[in-house]
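Heads up: the structure comes next, in structure tokens.
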Amino acid sequence: MKRKLDLCLQDAVAAAQEKGELISVALPEIVIEHPQDAAHGDFACGLPLKLARPMKLSPLDIAQRISKCISLPAEIDRLSVAAPGFINFTVRDGWLWEQVETILSGGEAYGNLSLGKGVRVQVEFVSANPTGPLHVGHGRGAVLGSALANVLAAAGYEVEKEYYLNDTGSQIDNFGQSLYARYQQCRGREARMPEGGYLGDYMVALAKDISREYGDKFLTMPEEEALADIGRIGLEKMLGNIKEDLELLGIEFDVWFSEKTLYQKGQYDEVMAMLRNKGCVVEKENATWLETSALGEDKDNVLVRSDGSPTYFASDIAYHYDKFYGRKFHHVIDIWGADHQGHISRMKTVAGALGIDPDQLKVITYQLVTLRRGREIVRLSKRSGDIVTLRELLEEVGRDACRFTFLSRSADSQMDFDVELAKKKSADNPVYYVQYAHARIASILRLAEQRNIDYSQGEVSLLSSEPELTLIRRLVLLPETVESAAIALQPHYLTYYAQDLATVFHSFYKQCRVVSGDRALTRARLKLVRATQVVLAKTLHLMGMNTPEEM
RNA sequence: GCGCCUGUAGCUCAGCAGGAUAGAGCGCAGCCCUGCGAAGGCUGAGGUCGCGGGUUCAAAUCCCGCCAGGCGUACCA
């Protein structure tokens, strides 16, 4: 619709120029927006304000001249010119009524777009080291990533969700050593935790688990062998734990990508050779460096440590090489915590050096999460040991409230997660406000069913009162909400849309009796209510939430 | 020091590819259930959009400089 108005305005200006009403100047980009005041119509355009200077005419004058030459699309009922120089458009009621039918026939597919044209996009998120349980911050990334994947899929992209599993490297060794030490302690043997080892209580619990399951088995074998076995078993258990957490959040990944395979299958060697050939690699101070400073970075970065082991940076280069060259994704979206922010610039730089357009790699960072219980603030630091796990939060707050809360802030914004508020099953909580609207509709539809009301032939043109038309106007905003969320990579738009839609529905409900003695109007309103349910359900599903029939 | 993010109502936050009187939820002061779910609706109070410059017909939005907070600045990931 916006696109149609855009074209129609371009034509109108061209026509006016041909007639000599307006002089010929370069047109700025035409922006069609929704006026905040409903009295100004459905769409508005401030083009005349922008043309005033180059055309040396008053904006109102220009607006008049454009509107005289305009031929309105069929969907538009009327146009008005308003000070200081806006052209406002109002859609036909008939168009709105058609939309109700469109929504009903589209069902869950309503709101889907072809914006992405089937382009392959990978969304990689969470990717937490399997050396400990997921914490609250990972939860934010998880919800963000999965909702974004849903939005992009709805927008017409072919989306793959991926978890990058760091299953090799120094942290994994450290994990194995820590676990081995705890295991020995469990079996009553003296053992010291490694330097910088994993001190969390969960490691003790994990060791007890293994101790119970395997007894003294690992005490009797050579240390090296025991270390390897315990490390492997511990990792599997941790990973199982992480998968359970994600399942509780309603998240499934298409691919679990193992870092280890980058070394086994050659991507690491290939990309290192590529960088060497380009002359970006130097040996100095006993290590192998990538000369990122020559590519515009602040400094060089180590690829291979002096002990011969590759850095995280090096394996991430191989990983991204595989994403673009191995698996040929057109776009890759990485979702990282703000603490990885320093990594973005050099990754993009390397991508560029490898011949990848840096714009094909989009990194979304989300700011840290602060937990609050009423006034009490709990900072989520790894150091202090009082990490709140995602599991604990999920058990306390519940999946939907958790998802909604994480989604209700832009990723750029530091987040205060108020556990007290998220837990409340009352009006204070926007989660239930939205779901309540869905349940309320379900209840109305149940009543209609009980009374054997068949509304399939409902006459939507009876929906002519202000609350009804206002509601339809909100329903039709879903496609463009999906579009802007997909373009801006900001899934939090959905939560605001959902709340707004719920508000408008509740208001409609108060003013318009649905199941009444007027049988024709009842059928028409049932159609509207059902359409609202479809849109609400779609929005909730995009957010990864449930659509309760009753609460 | 340098880089990224943030600063909007008492609190938590939207809005920021410039546009018409700056929005929401909570909290606060009130009103509305003898008809489909009151987990609801309605009214009201509450703002120098961190501060100072600049660009523009028009700035919360763009540019510059300050101030404040978070994160990063490793041969950690």
Checklist outcome for this item: So, with a heavy-atom separation below 4.0 Å from RNA chain B, the residues of residues 54-62 of chain A are none

Checklist entry - Is the centre of the H34(A) ring less than 6.0 Å from the centre of the F43(A) ring? => result yes

Checklist entry - Taking the same atom, C1', in A29(B) and in C71(B), what whole-Å distance lies between them? => result 41 Å

Checklist entry - With sugar-phosphate meaning primed atoms plus P, OP1 and OP2, does C45(A) contact a base, only sugar-phosphate, or nothing at under 4.0 Å between heavy atoms? => result nothing

Checklist entry - Atom CG of N429(A) and atom P of U12(B): how far apart are they, to the nearest Å? => result 17 Å

Next on the checklist: Under 4.0 Å, counting only non-hydrogen atoms across every strand here, what does S443(A) touch: a base, just sugar-phosphate, or nothing?
Outcome noted: base

Checklist entry - When rounded to the nearest Å, what value does the distance between P atoms of G37(B) and G30(B) take? => result 30 Å

Checklist entry - Does a nitrogen or oxygen in the side chain of Q499(A) sit under 4.0 Å from OP1 or OP2 of G25(B)? => result no

Checklist entry - Does the base of A20(B) carry an N or O that pairs as donor and acceptor with the side chain of N88(A) under 3.5 Å? => result yes

Checklist entry - Counting distance only, does the side-chain N/O of R346(A) pair as donor-acceptor with the main-chain N or O of T292(A) below 3.5 Å? => result no

Item to check | Distance between P atoms of A60(B) and A20(B) (Å, rounded) | outcome: 10 Å

Checklist entry - With a 4.0 Å cut-off on heavy atoms, is K50(A) in touch with a base, just the backbone sugar-phosphate, or nothing at all? => result base

Next on the checklist: I'd like the P distance from G40(B) over to A17(B), given in whole Å.
Outcome noted: 33 Å

Item to check | Phosphate-side-chain proximity, S410(A) and A14(B), N/O vs OP1/OP2 below 4.0 Å | outcome: yes

Checklist entry - Looking only at atom P, what distance separates C42(B) and C26(B), rounded to whole Å? => result 12 Å

Checklist outcome for this item: When rounded to whole Å, the CD to P distance for the pair Q367(A) and C13(B) reads 12 Å

Checklist entry - S507(A) near the nucleic acid: base, sugar-phosphate alone, or nothing, with a heavy-atom cut-off under 4.0 Å? => result sugar-phosphate

Item to check | Phosphate contact (C75(B) OP1 or OP2) by T288(A) side-chain N/O below 4.0 Å | outcome: no

Checklist entry - Is there a stack between F86(A) and A20(B), judged by ring centres under 5.5 Å and planes under 30°? => result yes

Item to check | G15(B) phosphate, OP1 or OP2, under 4.0 Å from H492(A) side-chain N/O | outcome: yes

